[in-house]
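The structure under discussion appears below in the form of structure tokens.
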Amino acid sequence: MSVDASSSFIQWVIFILQQYWPVFLRGAEYTLLISITGTIIGFCIGLLIGIIRTIPVDNRTGLFKRVSMKIVNIILLCYIEIFRGTPMMVQAMVIFYGVALIYGIHLPILLAGIVIVSINTGAYMAEIVRGGILSIDRGQFEAAHSIGMTHFQTMQSVVIPQAIRNILPATSNEFVINIKDSSVLMVIGVTELFFQSKSVAGIYYKFFEVFLITSIIYLIMTFTVTRILRYLETKLDGPAVYTIHGSQTVPEASFRIVDREKL
Amino acid sequence: MENIIEIRHLQKSFGKNEVLKDINFSVSKGEVVCIIGSSGSGKSTLLRCLNLLEYPTSGEILYRGQNILEHNMSNAVYRAKMGMVFQQFNLFNNLSVLDNCMVGQIKVLKKDTREARNTAMQYLELVGMTQFINARPSQISGGQKQRVAIARALSMEPEALLFDEPTSALDPELVGEVLKVMKNLAQSGLTMLVVTHEMGFARDVANRVVFMDSGVIVEDDVPEVIFNNPKNERTRTFLKRILED
């Protein structure tokens with residue numbers, strides 16, 4: 001298909017798609033790669049910080065532990081405040097050119113992109129996780145402590161699984177934001193979807209046509225991701241149906257109870 | 001008889017509010033002690049101090065003659081020996097009934113899965129909940145939850161079991177099933193400390209009844225004396241008020 005000045009809008013869109021779909025695809029790949037890896041790493045950073053910041057400290061704790069906890073907490077708080085309080089676009093510039101200046105190395109661009117999205121997400125997730133942990137009833141902690149579990153055992157077996165379920169909607173938010181906001185990484189030359197779209201648009205000066213395609217691609221990506229996470233939520237809620245085993249007279253009898261609230 | 005727990009001069013304050021004042025008492029093996037008293041008298045705090053969910057401001061808690069408030073004894077090890085049953089059940093919401101009874105054995109006692117499962121099943125059988133091993137806490141009734149909570153505490157094979165108003169959050173019709181389980185446990189020789197408002201249970205099952213008021217133990221005697229012939233005026237007033245209802 002060929003186009004000229006008299007071609008209609010639709011013809012241009014089709015033409016651009018036919019000619020440049022591999023470019024869009026590569027851009028979308030980068031966007032997904034960066035946002036998925038960034039969100040997962042950021043989630044882990046957030047979990048770790050959330051667990052550390054909720055370690056109980058009282059007047060029985062040894063002096064050394066208390067002081068070191070205080071220092072660690074201050075450092076973590078600085079991290080959270082700095083990375084929540086500055087635009088990711090600025091962080092990208094500072095980190096990318098800062099590393100080049102101080103260490104004299106050029107980070108591979110894709111790696112730089114992933115690092116920036118990860119630590120940025122980590123700062124947000126740290127607070128989300130803390131909120132998630134605080135939302136868990138005190139009784140859950142007490143019950144775990146009363147059978148002799150340590151803070152980390154309590155977190156691992158009881159609190160974090162419940163907290164993760166509670167923070168999934170907020171995590172899904174972060175994920176969507178990352179898919180969209182990774183576009184700011186084009187300032188350091190990451191060839192994600194926005195960067196690629198700009199290059200394509202520049203060829204024929206067809207900005208509207210190209211970015212309409214781009215926005216649809218973004219929409220497909222975010223919609224798919226939210227659906228997947230929604231599915232994960234229901235999965236984590238556990239089965240709505242459970243089986244009763246045996247009875248007083250017939251041990252091998254079993255029947256299923258349906259939890260209507262969950263269907 | 002051998003003392004499992006001995007409390008000496010235990011004192012607990014929340015800020016300026018002194019909740020427990022110079023508490024002294026002991027529990028020997030196989031004894032069932034009921035702690036009664038009005039709300040705010042400090043009975044729950046006393047029980048929570050025994051499991052270190054609240055840390056005493058001063059005083060000593062001797063477990064088999066050893067002061068657990070000194071740093072040489074791990075809190076976790078001690079806590080595993082003092083099972084606790086809560087008013088609000090506090091079953092782990094993310095785990096099935098069976099896993100609730102297994103997780104502590106695996107994580108704290110380092111048992112392998114099969115052993116933990118056998119122990120858990122044995123105690124779930126005792127409280128009559130083996131049919132529901134796959135259910136989540138949200139899928140069973142309050143009375144069933146409390147029975148599972150008891151099985152969870154028993155699965156740790158503790159030296160003593162502490163009950164913090166185990167039936168207060170239950171619908172009246174569900175209280176019976178939990179009290180029945182507790183009665184069976186008492187008869188099997190388990191050492192139990194029960195904070196309760198169930199005077200019938202205290203009268204029938206306890207070896208000793210402790211009456212607390214404003215942070216002190218007012219009277220500590222066998223149930224016959226406490227209920228029929230209390231020596232202290234405050235005990236008399238309290239029981240009169242309770243039993244009239």
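Sequence lines set the chain letters: A, B, ... in the order given, protein chains first and strands last, and positions in each chain run from 1. Treat the numbers as computed from the prediction; the structure is a model and nothing was measured.
Side chains of A:P161 and B:F92 form no contact here, defined as non-hydrogen atoms less than 4.5 Å apart. Side chains of B:V103 and A:M149 form a contact here, defined as non-hydrogen atoms less than 4.5 Å apart.
In this structure, the portion of B:N51 lying under 4.5 Å from any heavy atom of chain A is its side chain and not its backbone. There is no contact between A:R165 and chain B, counting heavy-atom distances below 4.5 Å.
Note that the CD1 atom of A:I147 and the NZ atom of B:K81 stand 14.0 Å from one another [nearest 0.5 Å]. Taking CD from A:Q156 and NZ from B:K107, the interatomic distance works out to 3.5 Å, rounded to the nearest 0.5 Å. In this structure, OG1 in A:T150 is found 10.5 Å from CZ in B:R79, a value given to the nearest 0.5 Å. Once rounded to the nearest 0.5 Å, the distance linking CZ of A:R138 with CG of B:L53 reads 8.5 Å. Between the OG atom of A:S146 and the CG atom of B:D164 there is a distance of 11.0 Å, given to the nearest 0.5 Å.
Atom CD of A:E233 has more than 12 heavy atoms from other residues, nucleotides or ligands within 6.0 Å. Counting heavy atoms of neighbouring residues, nucleotides and ligands inside a 6.0 Å radius, atom OH of A:Y30 does not exceed 12 of them. More than 12 heavy atoms of other residues, nucleotides or ligands lie within 6.0 Å of CZ in B:F14, so this atom counts as buried by the packing criterion.
For the pair B:A76 and A:G148, the tightest heavy-atom approach, listed with the atom from each and the gap, is CB-O, 3.2 Å. Shown here for B:K110 and A:Q153, the closest heavy-atom pair between the two residues is NZ-NE2, 3.6 Å.
Listed for the A:Q140 side chain is a donor-acceptor partner under 3.5 Å among the backbone atoms of B:L91. B:N94 contributes a side-chain N or O that, together with a main-chain N or O of A:S157, makes up a donor-acceptor pair within less than 3.5 Å.
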Checking side-chain contact (heavy atoms from CB on, under 4.5 Å) for the pair A:E142/B:R48: CA distance, chi angles, key distance, verdict?
CA-CA 10 Å; A:E142 289 184 349; B:R48 290 166 62 84; 2.6 Å; yes
Under the side-chain contact (heavy atoms from CB on, under 4.5 Å) criterion, do B:N90 and A:D137 qualify, and how do the steps go?
CA-CA 9 Å; B:N90 295 346; A:D137 182 45; 4.0 Å; yes
